[in-house]
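This is a predicted model, so every value here is computed, not measured.
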Amino acid sequence: MSMQQQIEQKLAAGIQCKHLNVVNESHMHSRGTDSHFKVIVVSEEFAGKRLLARHRQINELLKDELANHIHALAIHTFTPDEFAQHQGQAPESPACMGGSKFD
């Protein structure tokens with residue numbers, strides 16, 4: 001199973017998603033394959049939660065991947081209403097600055 005599939009499975013199992021998109025952005029960086037990802041998660045579970053709490057929820061679900069496999073993870077969390085306000089779009093990921101333990 002690819003890292004992208006593993007991330008998708010863990011997020012789908014841990015959060016009731018209305019929309020889930022995991023994008024492998026490794027090709028945009030010099031770290032090789034399966035090292036840079038963007039996740040877009042839309043869930044009613046995020047209603048009333050601050051951004052930090054939402055990100056902590058994602059980080060907890062992916063703690064092994066973040067500790068051992070992933071160099072960068074761009075996290076975009078929305079309620080369905082917020083996602084509609086953004087016209088179903090998430091911001092572009094920033095350029096990688098390098099400098100990880102995976103050098």
Discussion item. What's the separation between atom CD in Gln4 and atom CD in Glu25, rounded to the nearest 0.5 Å?
Written reply: 10.0 Å
Response to the item:
On a heavy-atom basis, the closest approach of Arg54 and Glu82 is NH1-OE1, 2.8 Å
Item to complete: Over all heavy atoms of both residues, which pair between Leu61 and Lys10 is shortest? Give the atoms and the distance, please.
Response: O-CD, 3.5 Å
Worksheet, complete the sentence: Rounded to the nearest 0.5 Å, the CD1 atom of Ile75 sits from the CZ atom of Phe37 at a distance of 13.0 Å
Worksheet item: Thr79 and Asp81: side-chain donor and acceptor closer than 3.5 Å?
Response: no
Discussion item. Is the shortest side-chain heavy-atom distance between Gln57 and Glu45 below 4.5 Å?
Written reply: yes
Fill in: Any donor-acceptor pair under 3.5 Å from Ser26 side chain to Asp34 backbone
yes
Worksheet entry | Spacing of Leu62 atom CG and Met3 atom CE [to the nearest 0.5 Å] | 9.5 Å
Discussion item. Rounded at 0.5 Å granularity, tell me how far CD1 in Ile58 sits from CD1 in Ile15.
Written reply: 3.5 Å
Fill in: Approximate separation, where rounding is to 0.5 Å, of His69 NE2 and Gln6 CD
6.5 Å
Discussion item. Check for me, please, whether Leu11 and Val23 land in the same ILVMFWY cluster - side-chain distances under 4.5 Å, paths through other members count.
Written reply: no
Fill in: Candidate pair His76 and Lys38, rule side-chain contact (heavy atoms from CB on, under 4.5 Å), full reasoning
CA-CA 8 Å; His76 303 283; Lys38 172 168 56 176; 3.6 Å; yes
Discussion item. Quick check for you: to the nearest 0.5 Å, what is the distance between Lys63 atom NZ and Glu60 atom CD?
Written reply: 4.0 Å
Worksheet item: What is the minimum heavy-atom distance between Ser43 and Cys17, and which atoms define it?
Response: CB-CA, 4.4 Å
Practice prompt. Could you tell me whether the side chain of Ile70 reaches within less than 4.5 Å of the side chain of Ile7, counting heavy atoms only?
Written response: yes
Response to the item:
Heavy-atom nearest pair, Val22 first then Glu8, reads CG2-CG, 3.4 Å
Response to the item:
Students should find that the hydrophobic cluster of Val42, defined by side-chain heavy atoms under 4.5 Å apart, otherwise consists of Ile40, Phe78, Phe83
